[in-house]
Amino acid sequence: MNKVVNNVEEALEGIQDSMTLMLGGFGLCGIPENSIAQLVKLGIKDLTCISNNAGVDDFGLGLLLQKKQIRKMISSYVGENDEFERQMLSGELEVDLIPQGSLAERCRAGGAGIPAFYTPAGYGTEVAEGKEIKDFNGKPHILESALTADFAFVKAWKGDTEGNLIFKATARNFNPMMAMAGKITVAEVEELVPAGELDPNFVHTPGIFVQRIFQGERYEKRIEQRTVRQKS
Amino acid sequence: MNKVVNNVEEALEGIQDSMTLMLGGFGLCGIPENSIAQLVKLGIKDLTCISNNAGVDDFGLGLLLQKKQIRKMISSYVGENDEFERQMLSGELEVDLIPQGSLAERCRAGGAGIPAFYTPAGYGTEVAEGKEIKDFNGKPHILESALTADFAFVKAWKGDTEGNLIFKATARNFNPMMAMAGKITVAEVEELVPAGELDPNFVHTPGIFVQRIFQGERYEKRIEQRTVRQKS
Amino acid sequence: MGLDKTGIAKRIAQELKDGWYVNLGIGIPTLVANFIPEGIEVEFQSENGILGMGPFPFEGEEDADLINAGKQTVTLNKGAVIFDSATSFAMIRGQHVQLTVLGAMEVAQNGDIANWKIPGRMVKGMGGAMDLVASAQNIIVAMMHTNKKGESKLLKQCSLPLTGVGCVTRVVTNLAVLEIKGGKFHLIERAPGVSVDEIIAATEGEMIVPSEVPEMTI
Amino acid sequence: MGLDKTGIAKRIAQELKDGWYVNLGIGIPTLVANFIPEGIEVEFQSENGILGMGPFPFEGEEDADLINAGKQTVTLNKGAVIFDSATSFAMIRGQHVQLTVLGAMEVAQNGDIANWKIPGRMVKGMGGAMDLVASAQNIIVAMMHTNKKGESKLLKQCSLPLTGVGCVTRVVTNLAVLEIKGGKFHLIERAPGVSVDEIIAATEGEMIVPSEVPEMTI
């Protein structure tokens with residue numbers, strides 16, 4: 001089942017203003033750099049973006065924020081971004097903050113056909129406002145609903161022509177769940193290989209969750225906090 | 001964090017009558033053969049066993065059924081077992097049949113701290129009796145609760161001293177979710193390797209879910225339906 | 001009368017569309033894999049954890065660790081992938097599998113299906129059937145039109161405990177292809193050599209019969 | 001007055017037990033990893049997907065694809081494992097992580113914690129903190145006893161929006177170690193050179209003070 005498209009332009013065909021997008025990555029680690037660049041180029045706007053973070057001012061989702069293409073962010077943590085702060089405080093940008101574990105599970109649920117589940121996270125906080133509460137084993141839990149997206153953009157280390165993906169180290173993060181939850185899931189990979197090259201036992205995301213795949217032209221892989229120690 | 005125990009006797013220490021056990025495997029594929037043999041040897045009884053299937057008359061969970069050690073089975077499919085049928089029809093054995101996908105998800109939920117979730121599976125059938133029903137997107141779903149166990153027995157291909165596991169082919173099946181859901185999870189492996197030998201990127205079950213690990217003495221790996229084709 | 005099991009499988013194979021992921025149940029549905037139309041690529045999902053399931057292994061190459069949902073030894077096609085049971089049913093429940101083909105004991109004109117339990121008889125369990133029928137967009141039932149006693153299996157209402165409600169979209173039997181919509185069976189095609197009257201006689205449920213009912217081409 | 005941040009981290013490290021999986025928050029908690037007591041083995045979980053997180057890499061060996069939850073470049077210890085965010089929070093929510101250490105702006109005597117939001121100020125988000133505090137059995141808060149204005153951060157009731165309710169089990173500050181039970185702070189130890197009166201003066205919430213309060217040994 002060949003999922004390969006020729007380039008990022010083809011990969012994003014059909015994307016429109018006002019759509020809901022998911023974007024994999026944690027901080028700047030494992031983000032779909034090529035797809036984000038193309039979103040900027042296309043200039044589509046009024047987007048709802050579901051992403052754990054919002055990039056930094058001049059990289060990642062920050063690039064879309066600079067161009068005011070995002071109407072609403074659904075994230076768990078949005079620090080490190082001045083333009084984000086400005087738009088949020090001025091009311092230009094709507095922000096829905098979600099506990100990180102609930103965000104991950106809500107994406108998985110969206111892909112797995114589970115419309116809602118109970119979690120203890122956020123009980124007794126403003127996150128629980130307006131949500132159903134139910135006790136299990138004497139402990140209150142809140143009902144959280146599934147998240148899905150018109151397009152999900154994920155970034156993998158290697159992928160094959162069938163759309164099977166493997167991720168490298170912590171660049172995995174939210175990518176596998178978001179791949180499950182996209183109506184159209186676009187995977188960009190550092191290396192595209194023929195079907196049969198990936199060991200079937202060690203694929204992280206089965207190709208059934210991926211509709212389009214392409215090899216990214218260029219990965220900057222910017223490091224947010226370069227922390228090192230000296231050789232003694 | 002060394003999880004290695006010397007043998008199957010040590011691995012099952014503390015197990016008692018009337019406990020709830022989970023046992024990985026699909027049919028006879030990927031079942032914890034050595035742990036089952038030890039359960040038979042210990043002769044503990046009144047067990048509640050959560051397992052997708054119930055083995056065959058003379059292998060797998062069938063061995064526990066022969067010795068009348070099981071009081072209740074929680075499974076999705078229990079064919080291929082005459083003794084099971086006899087005990088069930090005579091009322092000696094209690095049986096709770098659960099849709100396979102709900103069984104898998106309920107085990108995962110048990111391990112993931114999700115006390116309940118909604119699924120469409122079983123709506124309008126006797127599986128839904130007594131369960132909460134709720135519509136999502138115009139479609140009715142039923143609320144299913146998490147499953148956990150006093151002991152979970154899983155079987156992996158390779159494991160390291162930290163309890164990290166990898167499975168081979170379809171012997172994976174229910175093992176990863178059941179590993180998550182055991183208060184004490186015992187992993188038996190075909191090959192036990194030192195920490196650091198498994199690629200951190202390609203571990204199926206992180207060692208945090210495993211409390212005890214040992215290398216099984218012997219694997220029969222019986223085939224239930226040997227289907228082949230001729231070389232033309 | 002009409003098609004044999006292989007014929008039913010061949011007819012169902014014509015329903016396959018390029019790019020579909022397909023789950024085939026045990027029995028007649030399994031045979032469908034042998035008749036994929038030319039020029040079409042589909043991938044088979046086995047709910048115990050395979051996508052891209054291949055044919056049976058050559059003799060001597062069976063692997064006890066590689067079986068399908070029917071517990072038969074199988075192989076993997078190029079590009080196949082293995083996953084756990086939770087992920088497998090995430091695919092199914094999340095509607096990533098485009099077509100499910102399964103057998104049935106009864107199908108009702110509203111799309112209800114019964115295929116797992118006969119009261120008073122040993123119950124083997126529903127396996128993955130309830131998840132499959134509750135989730136899939138396209139559900140084709142492959143079965144004989146009547147049971148061993150000659151009674152219709154296409155009913156006004158199921159008499160056996162249900163597996164799923166209002167979910168079956170098509171039925172392919174030894175006699176006919178029927179679509180289910182608006183709470184009725186719709187006769188689409190008849191098996192070679194089978195008359196419309198024979199199908200009407202074998203169908204208990206309400207059935208819309210067009211003036212012209214083409215014969216299947218197998 | 002009392003301990004510095006390193007001192008707080010050292011004292012918290014004494015709470016570690018052999019065989020524990022531990023999640024350390026950003027700031028003072030991160031420092032705890034440097035002071036694991038001899039003869040004890042613990043493993044650090046980073047909620048972006050690492051178990052067995054190691055020290056920072058040597059200069060020139062940083063890998064942009066290998067970071068911790070604070071977005072810092074890190075390494076993996078032998079036997080480490082990588083997983084996705086859903087699995088990571090399955091570990092946390094499922095109580096497989098034995099200890100969470102995190103910072104706070106306020107802690108109340110009933111165990112409530114506030115550490116993510118100040119009304120009127122830019123909100124960065126709760127990240128994984130709400131999942132962690134709602135799930136962990138042992139939650140130790142590492143913080144200064146008072147804020148920059150000298151006001152107590154150990155309160156009768158939190159004034160800021162909550163991160164979690166009734167969840168904190170211990171607080172280690174620059175002045176003291178306190179346990180929370182029965183809706184009150186219990187003074188367990190005082191920092192070297194800090195008097196019980198100083199701790200009482202800096203604590204707004206109700207606090208049970210035993211007749212003898214031992215000094216920490218760091």
Side-chain angles (χ1 to χ4, degrees), chain B residues 26-30 52-54 75-81 84-85 88-89 95 97-105 107-108 119-127 139-141 157 167-177 204-205 219-231, chain C residues 46-50 53 55-76 80 82-93 95 112-114 116-117 120-135 161-167:
Chain B
F26 184 97
L28 301 178
C29 181
N52 188 55
N53 310 93
S75 302
S76 90
Y77 188 83
V78 293
E80 329 346 326
N81 196 317
F84 186 100
E85 182 163 351
M88 182 174 165
L89 293 175
V95 180
L97 292 169
I98 295 178
Q100 195 175 141
S102 298
L103 179 60
E105 192 66 20
C107 293
R108 180 189 179 274
T119 173
Y123 171 75
T125 77
E126 62 187 57
V127 164
K139 190 173 166 179
H141 290 70
W157 182 27
F167 304 93
K168 192 180 153 209
T170 55
R172 195 182 319 179
N173 56 65
F174 281 83
N175 283 297
M177 287 78 68
H204 296 129
T205 290
Y219 287 99
E220 181 178 335
K221 292 197 186 181
R222 203 183 287 187
I223 292 176
E224 247 174 293
Q225 305 278 342
R226 188 179 303 272
T227 46
V228 297
R229 63 191 155 133
Q230 305 303 320
K231 277 186 182 149
Chain C
S46 188
E47 66 262 30
N48 61 318
I50 310 174
M53 182 170 44
F56 295 147
F58 289 119
E59 204 165 349
E61 296 178 4
E62 316 90 90
D63 180 353
D65 289 326
L66 185 54
I67 63 170
N68 66 14
K71 285 132 193 166
Q72 299 170 310
T73 45
V74 293
T75 57
L76 299 179
I82 296 288
F83 34 85
D84 63 44
S85 302
T87 305
S88 182
F89 283 91
M91 292 173 189
I92 290 167
R93 216 188 295 101
Q95 304 193 327
D112 288 358
I113 176 174
W116 77 286
K117 187 174 182 176
R121 290 254 293 275
M122 166 66 187
V123 182
K124 294 188 172 183
M126 67 293 279
M130 284 193 183
D131 308 273
L132 282 159
V133 300
S135 307
L162 296 182
T163 308
V165 295
C167 54

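Below, chain A is the first sequence line, B the second, and so on; all start at residue 1.
Using a 4.5 Å heavy-atom threshold, the side chains of C:D84 and B:F167 count as separate. Side-chain contact check for C:K117 versus B:E126: some heavy-atom pair is nearer than 4.5 Å. Side-chain contact between C:M122 and B:F84 is present, with at least one heavy-atom pair separated by less than 4.5 Å. In this structure, the side chains of B:E224 and C:I67 stay at 4.5 Å or more apart for every pair of heavy atoms. Side chains of C:S85 and B:N52 form no contact here, defined as non-hydrogen atoms less than 4.5 Å apart.
Ranked by heavy-atom pairs under 4.5 Å with chain B, the list C:P161, C:A80, C:S46, C:A69 is led by C:A69. Taking C:G127, C:A86, C:A134, C:G60 one by one and counting their heavy-atom pairs under 4.5 Å with chain B, the maximum is reached by C:G127. In terms of non-hydrogen atom pairs under 4.5 Å with chain C, the most contact-rich of B:H204, B:Q230, B:E85, B:E105 is B:E85. Annotation: maximal heavy-atom pairing with chain C below 4.5 Å, among B:N173, B:V127, B:I223, occurs at B:N173. Among B:A121, B:C107, B:P99, B:G122, the residue making the largest number of heavy-atom pairs under 4.5 Å with chain C is B:P99. Looking only at heavy-atom pairs under 4.5 Å with chain B, the residue among C:P55, C:G164, C:S135 that has the most is C:P55. In terms of non-hydrogen atom pairs under 4.5 Å with chain B, the most contact-rich of C:T73, C:I92, C:I50 is C:T73. With chain C as the partner, the residue from B:K139, B:H141, B:R108 showing the most heavy-atom pairs under 4.5 Å is B:K139.
Heavy atoms closer than 4.5 Å to chain C are found nowhere in B:V95, neither backbone nor side chain. No part of C:D112 comes within reach of chain B, as not one of its non-hydrogen atoms sits under 4.5 angstrom from that chain. If you measure heavy-atom distances from C:P57 to chain B, the contacts under 4.5 Å come from both the backbone and the side chain. Interface remark: C:V133 contributes no atoms to any contact with chain B (heavy atom separation under 4.5 Å). Heavy atoms of B:N53 lying under 4.5 Å from chain C belong exclusively to its side chain. Proximity to chain B involves both the backbone and the side chain of C:E47, based on heavy atoms less than 4.5 angstrom apart. For C:L66, the parts lying under 4.5 angstrom from a heavy atom of chain B are both the backbone and the side chain. Heavy-atom distances place the backbone of C:T163, and not its side chain, under 4.5 Å from chain B. If you measure heavy-atom distances from C:A114 to chain B, you find no contacts under 4.5 Å at all. With a 4.5 Å cut-off on non-hydrogen atoms, B:I98 touches chain C through its backbone but not through its side chain.
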Criterion salt bridge (charged side-chain N to carboxylate O under 4.0 Å, His left out) on B:R229 and C:E59, from CA distance to verdict: CA-CA 6 Å; B:R229 63 191 155 133; C:E59 204 165 349; over 6 Å; no
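When all heavy atoms are compared, the tightest approach of C:K71 to B:G27 is CE-CA, 3.7 Å. Closest of all the heavy-atom pairs between B:F26 and C:N68 is CE2-O, 4.0 Å.
Judged by the 6.0 Å distance and 45° axis criteria, B:R172 is not positioned over the aromatic ring of C:F83. Judged by a 6.0 Å distance limit and a 45° cone about the ring axis, C:K124 is not positioned over the six-membered ring of B:Y77.
Note that the CG atom of C:D131 and the OG atom of B:S102 stand 5.0 Å from one another [nearest 0.5 Å]. If you take CG on B:L97 and CH2 on C:W116, they are separated by 5.5 Å, rounding to the nearest 0.5 Å.
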